[in-house]
Enquirer: 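Starting off with a structure, shown below.
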Amino acid sequence: MPKVLVIGGAGYIGSHVVKELLEGGYDTLVFDDLSTGQEVNLFKEAGFVRGNILDRKALDAVMSQNVDAVVHLAGKKAVGESMENPQKYAENNINGSINILNSMVDNGVKHIVFSSSAAVYGTPQYLPLDEKHPLNPVNFYGFSKMEVENLMEWYSRLKDFNYIALRYFNAVGYAADKSITGREKNPQNLLPIIMEAATGKRDGFAIFGSDYETPDGTCLRDYIHVSDLASAHVAAIHRLMSDKKSYRLNLGTGKAVSVKEIVDATENVIGKRLNYRYAARRPGDPAVVVAKADLAREVLNWRPRYTDIEEIIRTVWNLEL
Ligand code: UD1
């Protein structure tokens with residue numbers, strides 16, 4: 001079986017990718033500096049090297065071990081922080097990715113799946129967002145993802161190299177078999193914040209904005225289960241190795257769910273009321289972000305298995321039971 005190097009494989013999405021690769025029979029090696037990734041998320045069936053992507057020597061040492069393909073998820077992802085400290089994001093997300101790409105070229109590794117984001121589009125000019133929508137990121141995080149996509153595009157033209165950039169919409173949930181338990185520290189995203197309120201880790205939370213032009217006044221997003229995201233990575237590796245082409249693909253469900261619907265669904269799942277209030281809009285939040293999700297289905301021959309938001313939330317709540 002092909003050998004896949006998962007850079008950032010101890011993180012939230014990375015660990016789910018590792019699980020799917022192992023289940024698909026791939027020889028899997030994790031490279032992670034454990035800065036946000038967690039040791040509890042490592043699978044004993046996969047190899048592990050602790051290292052940082054800014055360390056070119058450490059990267060070369062793993063890349064030279066007959067690696068067939070790379071999955072790169074070692075990005076910083078806090079949008080607010082990227083606006084306060086763009087240097088950190090330039091260094092880690094852009095320089096770190098250049099190191100990975102150069103190490104791949106120098107070691108003859110020809111295929112990469114890159115963890116990109118819907119943040120590359122910026123404020124939607126039309127909906128749903130298809131892959132042809134102009135790229136106009138409104139935060140430095142999104143800019144860093146766009147830059148790496150563009151670098152990979154050039155490398156694919158100039159070298160024996162192909163890539164698939166997966167533009168994630170809102171990743172949620174945990175593996176249903178509870179094999180991954182490491183919760184993100186200091187979560188910035190809606191569902192982990194709601195879960196902290198549900199478990200008493202925080203007193204409550206705020207819904208940012210109730211006067212958007214949406215049916216219930218709260219923002220609409222496209223929530224996709226992390227195990228579905230993960231299986232798309234395995235399909236992407238398969239595709240890269242069987243065809244010379246490169247792709248940029250949305251990973252979403254195409255279904256819009258409101259913040260209020262997420263809150264109500266969580267209350268149903270946990271069987272109790274949550275403590276929340278309505279607050280002002282969060283700057284930079286578009287009213288609606290939803291994917292046109294057909295291209296990934298076609299190119300990867302893949303479908304998201306989870307469509308019901310309560311079922312998705314249950315995969316998180318089950319970790320508490
Ligand atoms: C997230 C990611 C972004 C990614 C995008 C893809 C972060 C911070 N943002 O954006 O990088 O590109 O998905 O679509 O990782 N909300 C509340 N209260 C809270 C937290 C959030 O009401 O305490 C609301 C937000 O206003 C938003 C929705 O919940 O409407 C989702 O927010 P969040 O989980 O932060 O994700 P996005 O901002 O959609």
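Residue numbers run from 1 in the order of the sequence given. In this text the structure is predicted, and so the values were computed from the model without any measurement.
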Enquirer: Is Leu229 reachable from Leu319 through a run of hydrophobic residues whose side-chain heavy atoms are each under 4.5 Å from the next?
Expert: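 Looking at the clustering, Leu229 is in the same group as Leu319.
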Enquirer: Could you grab the distance from atom CD1 of Ile13 to atom CG of Asn41, nearest 0.5 Å is fine?
Expert: 12.0 Å
Enquirer: Could you tell me if Glu91 and Asn95 have a donor-acceptor pair between their side chains, going purely by distance under 3.5 Å?
Expert: yes
Enquirer: Quick one: closest heavy-atom pair of Asn93 and Tyr141, and the distance?
Expert: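 Of all heavy-atom pairs spanning Asn93 and Tyr141, the closest is ND2-CD1, 4.3 Å.
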Enquirer: Identify the two heavy atoms, one from Val148 and one from Ile94, that lie closest to each other, and give their separation to 0.1 Å.
Expert: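 Shortest heavy-atom contact: CG2-CA, 4.4 Å.
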Enquirer: So, for His111 and Phe161, is the gap between ring centers shorter than 6.0 Å?
Expert: no
Enquirer: Taking Ile53 as the starting point, is it possible to reach Leu73 by hopping between hydrophobic residues whose side chains are less than 4.5 Å apart?
Expert: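 Different hydrophobic clusters.
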Enquirer: Which residues satisfy the side chain to side chain donor-acceptor pair (under 3.5 Å) test with Asp55, sequence neighbours excluded?
Expert: none
Enquirer: Looking at Ala198 and Leu274, what are the two nearest heavy atoms and their distance?
Expert: CA-CD2, 3.7 Å
Enquirer: Does Arg314 count as lying over the ring of Trp317, i.e. NZ or CZ under 6.0 Å from the six-ring centre, within 45 degrees of the axis?
Expert: no
Enquirer: Donor-acceptor check, side chain of Asp130 to backbone of Ala291, threshold 3.5 angstrom: yes or no?
Expert: no
Enquirer: For residues Leu59 and Phe114: do they belong to one hydrophobic cluster (side chain heavy atoms under 4.5 Å, members Ile, Leu, Val, Met, Phe, Trp, Tyr)?
Expert: yes
Enquirer: A side-chain contact here means heavy atoms from C-beta on lying under 4.5 Å apart; do Val71 and Ile112 qualify?
Expert: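 A side-chain contact is absent here, since even the closest heavy-atom pair is not under 4.5 Å.
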Enquirer: Near Arg157 CZ, under 6.0 Å, is it more than 12 heavy atoms from other residues, nucleotides or ligands?
Expert: yes
Enquirer: Does a side chain donor of either Ser116 or Glu149 reach within less than 3.5 Å of an acceptor in the other side chain?
Expert: yes
Enquirer: Using a strict cut-off of less than 4.0 Å between a Lys/Arg side-chain nitrogen and an Asp/Glu carboxylate oxygen, indicate whether Arg305 and Glu311 qualify as a salt bridge.
Expert: no
Enquirer: Can you label the angle between the His133 ring and the Tyr126 ring as parallel, tilted or perpendicular, going by 30° and 60°?
Expert: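 Rings of His133 and Tyr126: tilted, 30 to 60°.
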Enquirer: Are the charged groups of Lys19 and Asp177 less than 4.0 angstrom apart, N to O?
Expert: yes
Enquirer: Does a side chain donor of either Lys76 or Ser35 reach within less than 3.5 Å of an acceptor in the other side chain?
Expert: yes
Enquirer: Tell me, do Leu295 and Asn250 make a side-chain contact under 4.5 Å, heavy atoms counted?
Expert: no
Enquirer: Among all residues two or more places apart in sequence or in another chain, which pass the salt bridge (charged side-chain N to carboxylate O under 4.0 Å, His left out) test with Arg282?
Expert: Asp285
Enquirer: Do Asp216 and Tyr212 meet the criterion of a side-chain donor-acceptor pair at a distance under 3.5 Å?
Expert: no
Enquirer: Within the 3.5 Å criterion, strictly below it, is a donor on Tyr278 or Asp211 matched to an acceptor on the partner's side chain?
Expert: no
Enquirer: Do the side-chain N and O atoms of Ser115 and His72 include a donor-acceptor pair separated by under 3.5 angstrom?
Expert: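 No donor-acceptor contact under 3.5 Å links the two side chains.
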Enquirer: Donor-acceptor pair, distance only, cut-off 3.5 Å: does the side chain of Ser242 make one with the backbone of His238?
Expert: yes
Enquirer: Counting only N and O atoms by type, is there a donor-acceptor contact under 3.5 Å from the side chain of Asn136 to the main-chain atoms of Tyr121?
Expert: no
Enquirer: Would you say Val138 and Tyr168 are hydrophobically clustered, going by side-chain heavy atoms of ILVMFWY under 4.5 Å?
Expert: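 Not linked; separate clusters.
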Enquirer: Under 6.0 Å from the CD atom of Glu320, do we count more than 12 heavy atoms belonging to anything else shown?
Expert: yes
Enquirer: Identify whether the distance between the nearest side-chain nitrogen and carboxylate oxygen of Glu261 and Arg221 falls below 4.0 Å.
Expert: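 No, no charged N to carboxylate O under 4.0 Å.
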Enquirer: Do Ser64 and Asn107 have side-chain N/O donor and acceptor atoms under 3.5 Å apart?
Expert: no
Enquirer: Among residues two or more places apart or on two chains, list those pairs meeting ring-ring contact (aromatic ring centres under 6.0 Å, His included) that have a residue in residues 25-66.
Expert: none
Enquirer: Assess whether atom NZ of Lys178 is packed by more than 12 heavy atoms of other residues, nucleotides or ligands within 6.0 Å.
Expert: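 Yes.
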Enquirer: Do the side chains of Val316 and Val172 get nearer than 4.5 Å, heavy atoms only?
Expert: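 Side-chain contact under 4.5 Å: no.
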Enquirer: Which pair of heavy atoms, one from Gly75 and one from Lys145, lies closest together, and at what distance?
Expert: CA-NZ, 4.4 Å
Enquirer: Indicate yes or no: at least one non-hydrogen side-chain atom of Val289 is less than 4.5 angstrom from one of Leu129.
Expert: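 In contact.
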Enquirer: Would Tyr89 and Phe140 count as a close aromatic pair, with their ring centres under 6.0 Å?
Expert: no
Enquirer: With the threshold set at 4.0 Å, does a side-chain nitrogen-carboxylate oxygen contact exist between Lys110 and Asp160?
Expert: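 Salt bridge: yes.
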Enquirer: Check for a donor-acceptor pair, side chain of Lys260 on one end and backbone N or O of Gly217 on the other, with a separation under 3.5 Å.
Expert: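 No, Lys260 side chain to Gly217 backbone: no donor-acceptor pair under 3.5 Å.
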Enquirer: How far apart are the C-alpha atoms of Asn139 and Ser82, what are their side-chain angles, what is the distance that settles it, and do they pass the side chain to side chain donor-acceptor pair (under 3.5 Å) test?
Expert: CA-CA 7 Å; Asn139 50 59; Ser82 79; 4.8 Å; no
Enquirer: Between Arg183 and Glu196, is the closest basic N to carboxylate O distance under 4.0 Å?
Expert: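 Answer for the salt bridge query: no.
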Enquirer: Indicate yes or no: at least one non-hydrogen side-chain atom of Tyr163 is less than 4.5 angstrom from one of Lys245.
Expert: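 Not in contact.
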Enquirer: Within the supplied structure, the quantity of interest is the number of heavy atoms (other residues, nucleotides, ligands) at a distance under 6.0 Å from Glu39 CD; does it exceed 12?
Expert: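 Open.
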Enquirer: Taking atom types as modelled and ignoring hydrogens, do the side chains of Thr253 and Asp222 form a donor-acceptor contact shorter than 3.5 angstrom?
Expert: yes
Enquirer: Could you tell me which non-hydrogen atom of Ser210 sits nearest to which non-hydrogen atom of Thr218, and how far apart they are?
Expert: CA-CG2, 4.5 Å
Enquirer: Identify whether Tyr155 and Val113 are in the same connected component of the hydrophobic contact network (ILVMFWY, side-chain heavy atoms under 4.5 Å).
Expert: no
Enquirer: Determine the minimum heavy-atom distance between Glu184 and Tyr174, stating which atoms define it.
Expert: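 Closest heavy-atom pair between Glu184 and Tyr174: N-OH, 3.9 Å.
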Enquirer: Under 3.5 Å, is there a donor-acceptor pair between the side chain of Asn189 and the main chain of Leu191?
Expert: no
